[in-house]
Engineer: 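What follows is a structure written as structure tokens; I'll ask about it next.
Keep in mind it's a predicted model, so treat the numbers as computed, not measured. Sequence lines set the chain letters: A, B, ... in the order given, protein chains first and strands last, and positions in each chain run from 1.
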2 protein chains.
Amino acid sequence: MATDPKILDSVRCKEIGRSCACYNLRRAARATTRLYDDFLRPSGLRSTQYSMLMVARLRGPVTLTKLAEMTVTERTTLTRNLTILEKKGLIVIEPGKDRRERQVSITELGLEVLIAAVPLWEAAQAHIEQGLGGDRMDSLLKGLSEIISRSCDR
Amino acid sequence: MATDPKILDSVRCKEIGRSCACYNLRRAARATTRLYDDFLRPSGLRSTQYSMLMVARLRGPVTLTKLAEMTVTERTTLTRNLTILEKKGLIVIEPGKDRRERQVSITELGLEVLIAAVPLWEAAQAHIEQGLGGDRMDSLLKGLSEIISRSCDR
DNA sequence: ACTCGAAGCATGTATATACACCTAATTCGC
DNA sequence: GCGAATTAGGTGTATATACATGCTTCGAGT
């Protein structure tokens, strides 16, 4: 494994495409995001927005920090992503008892939009599952879960 | 599967966290990107930049469109990502015989930076592989490959 | 050689992501 | 209670990503 770093032979180079977890996860994320975005388009939601709305519906009201942990997103990223949803009237962000905190909740409108988007999400999901098969899908999701744990554990 | 879209019960909601390929791939991509970025920091390269440089080294000179296909990236995204590498002097983008095309090649400096970054990438990669084990890593990568194919095939 | 559709790219705009740094509110040690 | 450390969050800046649109160049057909 510990070869001379001065030698950058093609065997070494090919690793990026064949074995790099980051590169391949990013490629897969781009590919699936485009697919889901495409299916979700009639709803006006992007993939990220759909999942954020769904988490808000399931776990809300919830603080920014909790939401960031759940979604493995930087708090500051979340702030900006949620601002977009708030401007659309799909969520509200209110101060909690602890006045440092911000509680995120889905609105009536947000719920309506979300409900309308569910069948679109199901279609995208079905497209993927039919291509992979349920078993491989499950083991893939399990692998993703493990790699998230491992990446966050430092 | 085809339940009433008006009913957004919690069973349905939980699907996003448990089964959504897009959501979980994006979460995993964020997690691993942070890990690799962290390891790569001394090199001055981000994960995306590292992989782009490596592909340029392996496949270059190559046109934007080809590079976009290989990396499953929008051509227009690639244009901006490569501009950053070009400004750093790590690659050059030159017109080809066909003057519509742009050929991307790694520079001497780019190669030096890349070579310096390889051990850092190896450390990040090792961290992940040690956590998962080689077998699970392989099956995960295989799954990613399949999901990319399925996502792009529409 | 001329035209026209196709191929290859760039730009405008919007969203997504993260780090460094900053402010405000809370909690803890005394 | 008071001050320091901690916690929750926002802003500035940079990168990453994609769609709609428009421009240039090429090749095929006449």
Side-chain angles (χ1 to χ4, degrees), chain A residues 22-23 25-38 40-41 44-53 61-69 71-88 90 93-104 151-152, chain B residues 22-23 25-41 44-53 62-69 71-88 90 93-104 151-152:
Chain A
C22 186
Y23 175 64
L25 276 168
R26 290 182 70 87
R27 285 202 311 157
R30 283 192 291 269
T32 56
T33 298
R34 279 190 233 166
L35 178 75
Y36 280 72
D37 277 357
D38 206 25
L40 286 172
R41 194 145 302 145
L45 295 175
R46 302 276 213 85
S47 300
T48 303
Q49 299 171 350
Y50 175 84
S51 56
M52 210 58 83
L53 261 191
V62 62
T63 65
L64 278 186
T65 298
K66 289 257 186 194
L67 201 52
E69 282 171 16
T71 59
V72 193
T73 308
E74 264 298 303
R75 227 191 30 256
T76 60
T77 300
L78 211 55
T79 297
R80 320 211 190 208
N81 290 355
L82 292 178
T83 298
I84 294 168
L85 293 177
E86 194 182 27
K87 280 181 183 167
K88 289 185 178 184
L90 306 181
I93 307 177
E94 305 166 306
K97 290 176 197 169
D98 184 336
R99 273 186 298 183
R100 290 171 302 181
E101 293 179 349
R102 300 268 167 178
Q103 300 284 342
V104 178
S151 296
C152 295
Chain B
C22 186
Y23 175 63
L25 276 168
R26 290 183 71 88
R27 285 201 311 156
R30 284 192 291 269
T32 55
T33 298
R34 280 189 232 166
L35 177 76
Y36 281 71
D37 277 357
D38 206 25
F39 275 89
L40 285 173
R41 194 145 304 148
L45 295 175
R46 302 276 214 83
S47 299
T48 303
Q49 299 172 350
Y50 176 83
S51 58
M52 210 58 84
L53 262 191
V62 62
T63 66
L64 279 185
T65 298
K66 290 259 186 193
L67 201 52
E69 281 172 16
T71 59
V72 193
T73 307
E74 265 297 303
R75 237 192 3 267
T76 60
T77 300
L78 211 56
T79 297
R80 320 213 190 206
N81 290 354
L82 292 178
T83 298
I84 294 168
L85 293 177
E86 195 182 28
K87 281 182 183 167
K88 290 185 179 183
L90 306 181
I93 306 176
E94 305 166 306
K97 290 174 195 169
D98 183 335
R99 272 187 296 184
R100 291 171 301 181
E101 293 180 350
R102 300 267 168 181
Q103 299 284 342
V104 178
S151 296
C152 294

Engineer: Chain A on DNA chain D: first and last contacting nucleotide, 5' to 3', under 4.0 Å to a heavy atom?
Structural biologist: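 Nucleotide range with atoms under 4.0 Å of chain A: D/dT7 to D/dC19.
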
Engineer: Tell me, please, which residues at least two apart from B/Lys88 pass side chain to side chain donor-acceptor pair (under 3.5 Å).
Structural biologist: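 B/Lys88 satisfies side chain to side chain donor-acceptor pair (under 3.5 Å) with B/Gln49 only.
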
Engineer: Just so I know, are the side chains of A/Arg34 and A/Asp37 near enough to count as touching, which here means a heavy-atom distance under 4.5 Å?
Structural biologist: no

Engineer: Grab the CG-C1' distance between B/Leu40 and C/dA18 for me, whole Å please.
Structural biologist: 15 Å

Engineer: Going by the rule salt bridge (Lys or Arg N to Asp or Glu O under 4.0 Å), which residues pair with A/Arg75 if we only count those two or more places apart in sequence or in a different chain?
Structural biologist: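 For A/Arg75, no residue satisfies salt bridge (Lys or Arg N to Asp or Glu O under 4.0 Å) once neighbours in sequence are set aside.
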
Engineer: Does a side chain donor of either B/Thr48 or A/Arg26 reach within less than 3.5 Å of an acceptor in the other side chain?
Structural biologist: yes

Engineer: So what does A/Thr63 touch, heavy atoms closer than 4.0 Å: a base, only the sugar-phosphate, or nothing?
Structural biologist: sugar-phosphate

Engineer: Looking at A/Arg30 and B/Val72, would you say the former's side chain and the latter's main chain have a donor-acceptor pair under 3.5 Å?
Structural biologist: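 Side chain of A/Arg30 to backbone of B/Val72: a pair is present.
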
Engineer: Between A/Thr73 and B/Asp98, which has a closest nucleotide on DNA chain C that is more 5'?
Structural biologist: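 In this pair, the answer is B/Asp98.
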
Engineer: Between P on C/dT26 and CZ on A/Arg102, what's the gap in Å once rounded to a whole number?
Structural biologist: 13 Å

Engineer: How do B/Lys97 and B/Thr48 order along DNA chain D: which one's closest nucleotide is nearer the 5' end?
Structural biologist: B/Thr48

Engineer: Measure from the side-chain N and O atoms of A/Thr77 to the backbone N and O of A/Thr73, and report whether any donor-acceptor pair falls under 3.5 Å.
Structural biologist: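 The answer is no, because no donor-acceptor pair under 3.5 Å joins these two groups.
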
Engineer: List for me each residue that meets side chain to side chain contact (heavy atoms under 4.5 Å, CB included) alongside B/Glu86, sequence neighbours excluded, and say none if there are none.
Structural biologist: B/Ile91, B/Ile93

Engineer: Hey, which sits more toward the 5' end of DNA chain D by its nearest nucleotide, A/Lys66 or A/Arg26?
Structural biologist: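 Mapping each residue to its closest nucleotide by heavy atoms, the 5'-most match is A/Lys66.
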
Engineer: Are there any protein N/O atoms within less than 3.5 Å of an N/O atom in nucleotides 19-22 of chain C, and if so, which ones and at what distance?
Structural biologist:
from	atom 1	to	atom 2	distance (Å)
C/dC19	OP2	A/Glu74	OE2	3.3
C/dC19	N4	A/Thr76	OG1	3.1

Engineer: Who are the side chain to side chain donor-acceptor pair (under 3.5 Å) partners of B/Arg80, not counting sequence neighbours?
Structural biologist: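 Once residues adjacent in sequence are excluded, B/Arg80 has no partner under the side chain to side chain donor-acceptor pair (under 3.5 Å) criterion.
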
Engineer: Does A/Arg100 contact C/dA24 through a side-chain donor or acceptor facing the base, at a distance under 3.5 Å?
Structural biologist: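 Per atom types, no contact qualifies.
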
